**Q** 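Dumping the structure here so I can ask a few things about it.
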Amino acid sequence: MPKIGMEPIRKAALVNATIVELGRAGSLDVTVSQIAKRAGMSSALAHHYFGSKEDIFLAAMRHVLSLYGAEVRGALAAVDGPEGRLHAIIRASFTAGSFRREAVGAWLNFYVLAQTVPGARRLLSVYQRRLRSNLLHCLRPLVGLRAGRTADGLAALIDGVYLREALREGAPDPAAAVAVVMEFVAAELGKSKEK
């Protein structure tokens, strides 16, 4: 007989185990058996809750994206004005937690999975649209008609700087990553002030 109330606890354990295993392996070459073992349950139970390895990976990425979303919302709640909000989004994109081995492994594997798995592609698209929308909201009052192009460039820069910092030799430096992006923002805002 199943224990009442255990499903959400077990699903959360499997999601967390997936993130840890992706970080440990550094690739999608992780089995459901490895994930289940780390979560302290059988692979049959993991399949029961998620169906497939792909579904477990997608649930793990949803979790990572929800943590990122919470970081952004928390950062936005602490600031006022479009420029403050813009800086908050940038800082939230490069927190120390986002550079933990597990988080980096999840993000890198998410990009790989999005190439072939429609569900992952949709999740990546949701992330990209939300980031662009948040940036646009901040940028419209700051750069006017250039907001769309600037938001696209800034979103690409955030993702690119994150990847470079995550893959560099030695420990990632979140402050250096923020500084690179802030320099771009300062240049873009300076263009608007010159006009």
Side-chain angles (χ1 to χ4, degrees), residues 1-77 89 91-135 155-156 158-168 171-172 174 177:
M1 170 156 313
K3 294 181 182 177
I4 304 295
M6 287 303 292
E7 183 174 347
I9 294 167
R10 288 180 176 152
K11 281 185 168 182
L14 286 164
V15 164
N16 289 325
T18 302
I19 294 167
V20 170
E21 285 298 314
L22 287 172
R24 183 196 58 74
S27 74
L28 292 170
D29 191 22
V30 173
T31 66
V32 172
S33 178
Q34 290 170 305
I35 293 168
K37 183 177 180 183
R38 180 164 298 275
M41 62 189 82
S42 70
S43 58
L45 202 51
H47 282 291
H48 168 74
Y49 287 127
F50 287 101
S52 71
K53 181 168 88 168
E54 191 175 281
D55 292 332
I56 295 172
F57 286 168
L58 291 176
M61 203 55 226
R62 274 189 220 90
H63 179 70
V64 169
L65 287 170
S66 72
L67 293 176
Y68 171 70
E71 288 272 357
V72 171
R73 286 188 301 279
L76 290 173
I89 292 167
R91 284 190 306 274
S93 297
F94 298 104
T95 63
S98 67
F99 288 108
R100 284 186 357 266
R101 180 178 173 94
E102 295 83 9
V104 170
W107 276 103
L108 294 176
N109 285 296
F110 179 47
Y111 287 118
V112 171
L113 202 60
Q115 293 178 33
T116 58
V117 176
R121 192 173 306 117
R122 277 190 300 276
L123 270 179
L124 182 59
S125 178
V126 167
Y127 156 73
Q128 290 170 334
R129 285 193 317 263
R130 283 183 184 161
L131 177 58
R132 186 178 196 275
S133 174
N134 282 330
L135 293 172
I158 287 169
D159 286 348
V161 169
Y162 175 80
L163 290 172
R164 279 188 157 193
E165 200 59 39
L167 297 173
R168 71 184 274 226

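All figures in this text were calculated on a predicted structure; none of them were measured in a lab. The basis for the numbers below is simple: all heavy atoms, side chains too, and nothing from hydrogens, waters or symmetry mates.
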**Q** Can you confirm whether more than 12 heavy atoms, excluding those of Arg130, are under 6.0 Å from its CZ atom?
**A**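 Counting other residues, nucleotides and ligands, CZ of Arg130 stays at 12 neighbours or fewer.
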
**Q** Could you go through Phe57 and Ser52, starting from their C-alpha distance and side-chain angles, then the distance that decides it, and tell me whether this counts as side-chain contact (heavy atoms from CB on, under 4.5 Å)?
**A** CA-CA 9 Å; Phe57 286 168; Ser52 71; over 6 Å; no

**Q** Let me confirm one number: the CG-CD1 distance from Asn109 to Ile19, rounded to the nearest 0.5 Å.
**A** 11.5 Å

**Q** Between Phe94 and Phe99, what is the ring plane arrangement, given parallel below 30°, perpendicular above 60°, and tilted in between?
**A** parallel

**Q** Looking only at the side chains, is there a donor atom on one of Arg62 and Ser66 sitting less than 3.5 Å from an acceptor on the other?
**A** no

**Q** Taking all non-hydrogen atoms of both residues, which atom of Ala96 and which atom of Pro174 are closest, and how far apart?
**A** CA-CG, 4.0 Å

**Q** How close do Glu71 and Thr95 get, counting heavy atoms only, and between which atoms?
**A** OE1-CG2, 3.3 Å

**Q** Surrounding CZ of Arg168 (heavy atoms of other residues, nucleotides or ligands, distance under 6.0 Å), is the total greater than 12?
**A**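 Yes.
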
**Q** With side-chain contact (heavy atoms from CB on, under 4.5 Å) as the criterion, how do Asn16 and Glu102 come out once you've worked through the C-alpha distance, each side chain's angles and the decisive distance to 0.1 Å?
**A** CA-CA 9 Å; Asn16 289 325; Glu102 295 83 9; over 6 Å; no

**Q** Distance from His48 atom NE2 to Glu7 atom CD, nearest 0.5 Å?
**A** 6.0 Å

**Q** To the nearest 0.5 Å, tell me how far Leu124 CG sits from Asp159 CG.
**A**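 The CG atom of Leu124 sits 8.0 Å away from the CG atom of Asp159.
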
**Q** Taking all non-hydrogen atoms of both residues into account, name the closest pair between Leu22 and Ala106 and its distance.
**A**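 Looking at all heavy atoms of both residues, the shortest contact is CD1-CA, 4.4 Å.
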
**Q** Taking the inter-plane angle between the rings of Phe110 and Trp107 on a 0 to 90° scale, is it parallel (under 30°), tilted (30 to 60°) or perpendicular (over 60°)?
**A**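 It falls in the perpendicular class, over 60°.
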
**Q** Let me see the working for Tyr127 and Leu131 under side-chain contact (heavy atoms from CB on, under 4.5 Å), right down to the final yes or no.
**A** CA-CA 6 Å; Tyr127 156 73; Leu131 177 58; 3.6 Å; yes

**Q** Which atom names give the shortest non-hydrogen contact between Ala36 and Ala46, and what distance separates them?
**A** CB-CB, 4.2 Å

**Q** Roughly how far apart are Arg73 CZ and Leu76 CG, rounded to 0.5 Å?
**A** 9.5 Å

**Q** So which heavy atom on Ala13 is nearest to which on Met41, and how close?
**A** CB-CE, 4.2 Å

**Q** Pick out which of Val15, Val32, Leu58 makes a side-chain contact (heavy atoms from CB on, under 4.5 Å) with Phe50.
**A** Val15

**Q** With sequence neighbours excluded, tell me which residues meet side chain to side chain contact (heavy atoms under 4.5 Å, CB included) with Ala25.
**A** Ser27, Val30

**Q** Report the C-alpha separation of Leu135 and Arg132 in whole Å, then their side-chain angles, then the decisive distance to 0.1 Å, and conclude whether the side-chain contact (heavy atoms from CB on, under 4.5 Å) test is met.
**A** CA-CA 5 Å; Leu135 293 172; Arg132 186 178 196 275; 5.7 Å; no

**Q** Which salt bridge (charged side-chain N to carboxylate O under 4.0 Å, His left out) pairs, counting each pair once, include a residue from residues 35-60, with sequence neighbours left out?
**A** Glu21-Arg38

**Q** Provide the closest heavy-atom pair for Ile35 versus Ala17 in the form atom of the first, atom of the second, distance.
**A** O-CB, 3.4 Å

**Q** Can any side-chain N or O of Thr18 pair as donor or acceptor with the backbone N or O of Leu14 at less than 3.5 Å?
**A**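 Such a contact is found between Thr18 side chain and Leu14 backbone.
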
